[in-house]
Amino acid sequence: MRPSETGTGSLQPDESVLTGAPSLHPSGEIFPAAHYLNAGTRLRSWLVTVDHKRIAVLYLVSTLTALFLGGLFAMAVRVELVGPEPNLVDAVGYNRLFTLHGVVMVFFFMIPAIPGIFGNFMLPLMLGAKDVAFPRLNLLSWYVYVVGAAFTLWAMLYGGADTGWTFYTPYSTITPTKVTPILLGIFVTGFSSILTGLNFIVTIHTLRGPGLTWMRLPLFAWALYGTSIIQLLATPVLGLVVLAAALGHIFAFDLFDPARGGDPVLFQHLFWFYSHPAVYIMVLPAFGVVSETVQAFGRKIIFGYRAVALATAGIAFVGFFVWGHHMFVSSQSTFDAGAFGVLTMLVGVFTAIKVFNWVGTLYKGAIVWRTPLLYVCGFLYFVVFGGMTGVAVATVSLDVHWHDTYFVVAHFHFIMVGATLMAFLAGLHYWFPKMFGRTYPEGWGMVAGALIILGFNATFVPQFLLGNMGMPRRYYTYAEQFRTLNVASTFGATLLLFGFLLVGLYLLLSLRGGKVAGPNPWGSKGFEWLTQSPPLEHNFRTQPTFHGPPHDYSTPVEENLHG
Amino acid sequence: MAETHAHHFPDAGVQRHASLLGMWLFLSTEVLLFAGLFVAYGYYRFLFPGAFAEGSRAMHTWLGLANTVVLIASSFAVALAHHAAGAGRNRTTFWLLVAALAAGVFFLGVKAVEYVEHFRAGELPGKWFTHPGMKAPGISLFYAVYFLATGLHALHVVVGMSLLAWAAVPAWKRRYGPGNVGLVENAGLYWHLVDLVWIFLFPLLYLV
Amino acid sequence: MTDHAPHAHGSPLRYLLVFLGLLVLTVVTYVTGKMHLGGWALPLALVIASTKAGLVLAFFMHLWDTRGAPLVAMAVSLLFIVTLLALVFGDVAFRFPLARPDRMGNYEALPVGALLGDGPDGHAHPVPAKR
Amino acid sequence: MNDFMRNLLFLPEQASTFAHRVDRLHYVVIGTTVLAALGVGTAGLAFFWRYRIRTHGQLTQDVKAPLWLEALIVGVPLTVFLAWFAVGFSDFVFFTSPPKKTTDIYVEGKQWMWKFAYPEGPNAIGTLRVPAGRPVRLLMTSRDVIHSVFIPAFRTKMDVVPGRYTQLWFEATEVGRYPLFCTEYCGMSHSMMAGEVVVMPPAEFDRWFEAQKAGRPAVQDGTPVVGERVSLPADLVHEGQRVSAQLGCFKCHTVNGEPHLGPTWLDLYGRVSKFQDGTERVADEAYLTESMMDPSAHVVAGFANMMPTYRGRLQGPEAAALVEYIKSLRSARAPGEGAAP
Ligand code: HEA
Ligand code: HEA
Ligand code: CUA
Ligand SMILES: [Cu+2]
């Protein structure tokens with residue numbers, strides 16, 4: 001690899017952004033002869049691989065399938081809701097749809113996606129390591145994920161469940177639908193999550209390359225570290241509660257059965273003890289992606305590295321103490337409402353620190369306007385609005401009105417779609433050349449990004465208003481006054497669908513037809529770009545050593561590169 | 001296994017550190033798995049103290065006591081096994097592990113006897129509870145917690161025994177030695193955790 | 001009994017002492033458990049169990065000689081368990097009394113007199129089943 | 001201003017004291033949220049433009065935050081959020097603390113309907129009538145799964161949980177009709193588990209209530225409510241008869257005074273039952289309930305201890321209906337004479 005030929009030439013400002021020409025790099029880059037993708041091409045070489053990069057690709061395929069499936073369910077939900085009359089399915093069918101939408105999106109797409117794809121791929125590269133600490137465990141965790149998904153898929157084909165993704169008892173124990181296999185699927189997938197988290201923590205502890213101190217760790221690695229802690233310590237509680245619910249279903253052995261003095265609210269406590277931290281499992285990796293992209297395209301080192309890293313840890317930690325904000329009107333005590341209310345405010349502050357640091361990073365940067373940055377721009381708006389509406393619903397008295405209305409639905413879609421999914425897309429575009437050695441068409445990228453951002457607003461802004469009007473969530477039919485806003489929302493979702501399809505299409509085409517990217521098309525100084533793209537089977541020809549923090553753009557990019 | 005290490009680790013020391021750290025992290029997830037149960041226990045006990053008193057009175061305390069002693073002894077054996085392995089005394093390691101395994105079998109046997117008793121007496125969770133004598137409100141919840149907790153623990157005993165058996169193989173083949181005890185160490189840690197959980201379950205379910 | 005194994009902390013003697021300690025504590029917990037100490041039984045049992053757990057953790061599991069991550073992992077897990085317990089109790093202990101599942105069937109606890117039998121007309125409101 | 005903000009945010013009318021109370025905070029919170037999002041996002045956009053790359057390979061320097069900026073970054077959000085919490089929580093305490101004297105109404109949710117019952121008065125399905133200007137407390141329970149009462153115009157909501165009572169109080173301020181929704185997912189027809197709150201002028205409410213009590217079906221406020229059924233306590237008796245037939249009580253009990261396998265139910269209420277162990281007890285409601293739930297606690301002299309327990313098989317309201325049914329079985333004889341079964 002010739003460092004002098006890395007793609008810094010691409011970063012000239014006079015390039016037209018919307019030409020559609022992937023002119024990110026000087027032409028004439030040569031696709032590397034040997035890399036992880038051609039180090040064995042038979043199916044078997046993929047299915048028994050222990051290469052973290054190949055496992056990342058396996059995750060890419062499987063979680064995108066889940067996204068597609070979850071998206072289909074979402075579209076069906078939206079189509080049903082264009083009017084209060086039955087449009088597509090009956091009431092039970094609708095209830096299954098949103099349940100499966102939630103379950104697939106949360107457990108099979110969003111939780112595994114960023115750690116599974118980008119975490120697996122980038123973490124060892126960023127650390128200058130050959131692989132994660134336990135490569136076989138890594139493969140195992142993908143298989144465990146697949147088994148869990150298979151359970152769930154099976155249950156979906158045979159009727160699905162209609163409980164909502166929260167599985168509240170006693171409804172979940174008395175419903176005749178296929179709750180048990182879905183619960184078991186989630187239980188199994190939980191192990192996958194635990195194993196991934198364990199692997200990452202150990203990797204970060206033991207496999208940092210020479211010179212890579214904790215305070216030089218890329219922020220994406222910090223984000224994964226925080227995420228992994230949550231995965232390790234929260235997931236088992238979900239495992240237990242899901243197991244208890246499944247046993248309740250199978251053996252009529254309900255730990256929460258109110259007819260025998262059991263307390264369904266205890267189920268909620270245990271469920272949210274996992275599921276609130278789980279929302280940070282979803283969002284922290286996305287924050288990590290944003291930290292990376294903001295630096296790479298702002299071409300400036302992060303503003304307040306230490307603060308961002310500590311805020312990550314803070315979110316991971318305090319996130320464990322706020323679960324009760326989902327239960328303000330569940331008959332929980334006023335005392336607890338106060339305790340959870342205050343604690344929730346602290347999480348908001350940690351997130352605010354990160355947000356301000358990202359914006360601060362752009363200050364006095366040398367910003368290169370590319371598709372990933374478009375998504376980051378959307379992200380900034382949506383994470384603040386989504387996050388602040390989170391704090392708004394955490395404001396105890398206001399949640400009384402908003403709880404279980406479309407306001408909450410809009411809140412979490414703002415964070416999960418507007419922030420997390422946008423960050424996912426930013427990462428996908430940023431690292432696509434790293435993973436596959438080719439670039440996507442920049443012009444189409446911008447068009448699709450704009451479409452997605454537009455469609456997103458049109459889908460979910462009306463839902464805030466619906467929530468204010470008092471439309472409850474999980475409603476198959478609704479009062480006439482809610483119609484107009486629902487139509488608007490469905491219209492937005494259609495734009496969203498086309499946006500996503502466009503992204504899927506051009507990325508697929510770029511896999512073969514994209515321009516050869518070269519080792520570092522962005523001229524990024526993230527550590528993962530220290531090797532060729534796509535990387536070698538064992539990542540580096542020689543062990544890199546680290547002399548400073550990542551994304552230090554005070555020196556020319558060439559100085560950072562060695563094979 | 002001996003002094004070699006996987007290619008992605010710089011040296012065997014790091015690899016050992018990694019596997020030990022991994023094990024401890026895994027143990028912490030196990031701890032939180034049981035945490036949920038302890039919360040359910042505390043919660044229902046707070047609500048239905050009568051039922052929990054009645055339930056624990058009906059328990060065969062001495063069986064629980066025997067099991068406690070046996071598990072502690074097996075933990076002791078495993079600790080010694082780890083030590084002997086480090087000293088390269090593979091025979092000793094092997095027999096200590098076998099002893100611990102035997103303890104595990106004994107434990108499960110006793111548990112099975114207890115379960116049969118509970119089934120006979122109708123001391124079961126939920127709607128299966130049919131014991132005519134016990135009337136305290138919430139009594140079936142006691143048994144729901146009891147069966148979940150002991151069942152999950154028994155599952156861990158089985159897993160722990162499998163790990164111990166696995167760890168006995170290198171001892172049989174005389175592979176352990178100074179600096180090469182990872183497997184028996186990790187299996188041992190897991191077994192100690194199983195013991196640890198029981199240390200809490202015993203007084204909570206059988207005594208108070 | 002050489003100690004040349006670099007990480008085999010603790011000697012068999014130490015293990016033996018710990019083992020004996022555990023046995024003694026087991027007996028203590030058994031005996032006190034049978035003594036009907038009322039409100040003190042649970043705290044006492046928990047203190048004993050925690051001591052035993054501490055012994056196992058510290059010596060059988062070598063936490064005593066370990067620094068760093070494993071220690072933090074255990075400490076954090078414990079902290080989370082304690083908060084989980086505390087906040088769950090903070091709910092059940094302080095909530096609206098009738099919203100406690102053990103209060104159903106306890107007619108006296110109802111605010112509007114007895115739910116049943118307040119006069120010849122009776123009421124037509126739902127009545128909790130007695131459990 | 002209030003109405004402007006309310007309409008801007010698509011909030012429904014304010015018809016309770018609590019609604020008036022929380023909406024101000026609502027405006028502030030949403031206003032801040034919109035401003036913060038616009039501010040942060042637009043600052044980002046502005047930087048994109050202002051600091052776009054200008055020269056090839058342009059270098060940038062690390063910018064360190066001055067202390068005051070760090071303090072601001074932490075301090076401002078923290079202060080804002082804590083202020084929201086302080087106001088919000090004090091409103092929430094108001095919401096969870098009903099005044100001493102309230103009109104209590106019992107609410108029962110079941111898949112997929114609401115039942116409202118007034119002590120000493122009527123009960124109704126789907127329509128909740130309340131007086132304006134008086135604090136009303138709903139004591140709510142469910143007979144199957146969790147539901148939740150949501151009255152958007154009052155800004156109030158509370159889950160309705162089986163196996164317990166939850167309370168929800170409000171003081172309606174405007175006479176009118178307001179929708180009531182179920183907001184806890186409860187199965188197939190969750191979205192159709194709607195009801196209506198009718199806020200009546202207090203005097204009118206009292207008249208309506210008295211009329212109901214006297215057994216005269218009367219809907220005082222003119223326009224009938226769609227789907228409204230106001231039923232009399234007597235319905236409970238029929239319900240009880242149905243339940244006892246369904247559960248097979250008549251295999252052992254009669255209502256004509258003849259003892260069968262079990263004692264007759266005629267004139268049972270108020271009579272003194274004598275038990276095998278020599279004790280005796282007046283058959284009041286508590287005793288009747290106990291006999292169903294725990295029959296072997298007191299075995300009537302002359303009968304075998306053969307009655308099965310109905311604990312767990314009878315829902316709370318069914319037990320109540322049975323009790324009412326048994327109470328309704330009176331012969332010509334004066335009650336309470338302790339006639340032999
Ligand atoms: C990725 C997922 C994700 C994330 C990150 C969050 C983040 C947050 N969430 Fe959200 N939430 C969900 C997913 C998520 N949530 C889901 C799925 C549900 C519904 C579950 C269900 O019932 O199905 C939910 C529901 C939910 C509820 C329950 C609502 C109800 O059911 O009644 C609450 C209540 O407190 C809440 C609060 C919060 C808060 C306070 C945050 C905070 O972490 C947000 C912090 C961020 C910020 C605060 C933004 C940055 C701030 C600034 C830049 C400061 C601006 C400056 C000034 C103030 C001057 N969420
Ligand atoms: C990660 C989480 C996630 C994501 C991404 C989404 C995405 C979307 N969600 Fe959903 N949603 C949830 C999590 C999520 N949701 C949860 C947890 C619930 C609660 C469930 C419950 O109540 O139990 C919920 C509930 C929910 C409801 C409420 C249902 C109800 O209460 O009755 C609605 C209604 O409009 C909705 C709509 C949508 C829409 C239109 C999208 C759109 O953004 C979807 C757009 C996506 C696509 C159309 C997919 C297209 C993808 C491809 C074509 C592949 C492309 C390939 C590449 C990118 C390479 N969602
Ligand atoms: Cu009842 Cu939803
Ligand atoms: Cu939350």
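These numbers come from a predicted model, not from an experiment. Chain A is the first sequence line, chain B the second, and so forth, proteins listed ahead of strands; every chain is numbered from 1.
Nearest approach of A:Leu198 to B:Gly22, heavy atoms of both residues: CD1-O, 3.6 Å.
In this structure, the portions of B:Val145 lying under 4.5 Å from any heavy atom of chain A include both its backbone and its side chain. Interface residue A:Leu270: only side-chain heavy atoms are found under 4.5 Å from chain B. Contact of A:Ala129 with chain B is not made at all, since no heavy-atom distance falls under 4.5 Å. Of the two parts of A:Leu240, the backbone and the side chain both hold a non-hydrogen atom closer than 4.5 Å to a non-hydrogen atom of chain B. In this structure, chain A has heavy atoms under 4.5 Å from both the backbone and the side chain of B:Leu37. Neither the backbone nor the side chain of A:Leu195 comes within contact range of chain B; no heavy atoms are under 4.5 Å apart.
B:Leu155 CG to B:Leu108 CG: the interatomic distance, rounded to the nearest 0.5 Å, is 10.0 Å. A distance of 11.0 Å separates CG in B:Leu163 from CG in B:Leu97, rounded to the nearest 0.5 Å. Atom CG of B:Leu65 is separated from atom CE of B:Met59 by 14.0 Å, given to the nearest 0.5 angstrom. Here the CZ atom belonging to A:Phe107 is positioned 12.5 Å from the OH atom belonging to A:Tyr145, to the nearest 0.5 angstrom.
In this structure B:Phe46 satisfies the ring-ring contact (aromatic ring centres under 6.0 Å, His included) test together with C:Phe89, sequence neighbours excluded.
Test A:Phe256, A:Tyr171, A:Phe167 against A:Phe267 for ring-ring contact (aromatic ring centres under 6.0 Å, His included) and you get one pass: A:Phe256.
The environment of OH in A:Tyr143 is crowded: more than 12 heavy-atom neighbours from other residues, nucleotides or ligands sit within 6.0 Å.
Contacts with chain A were tallied for B:Gly36, B:Ala51, B:Ala18, B:Ala40; B:Ala18 has the most, counting heavy-atom pairs under 4.5 Å. No other option in A:Val237, A:Leu243, A:Leu233 has as many heavy-atom pairs under 4.5 Å with chain B as A:Leu233. Taking A:Ile201, A:Ile229, A:Leu232 one by one and counting their heavy-atom pairs under 4.5 Å with chain B, the maximum is reached by A:Leu232.
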N/O donor-acceptor pairs between chain A and chain B, cut-off 3.5 Å:
residue  : atom : partner  : partner atom : Å
A:Lys130 : NZ   : B:His7   : O            : 3.4
A:Val132 : O    : B:His8   : NE2          : 3.1
A:Ala133 : O    : B:His8   : NE2          : 2.9
A:Phe251 : O    : B:Trp128 : NE1          : 2.6
A:Leu255 : O    : B:Tyr44  : OH           : 2.7
A:Arg260 : NE   : B:Gly126 : O            : 3.3
A:Asp263 : N    : B:Tyr44  : OH           : 2.9
A:Asp263 : OD2  : B:Tyr43  : OH           : 2.2
A:His538 : ND1  : B:His7   : NE2          : 3.4

Steps toward side chain to side chain contact (heavy atoms under 4.5 Å, CB included) verdict (A:Thr166, A:His326): CA-CA 11 Å; A:Thr166 48; A:His326 296 269; over 6 Å; no
What do the steps show when you test B:Val78 against B:Leu96 for side chain to side chain contact (heavy atoms under 4.5 Å, CB included), and what is the final call? CA-CA 7 Å; B:Val78 167; B:Leu96 281 168; over 6 Å; no
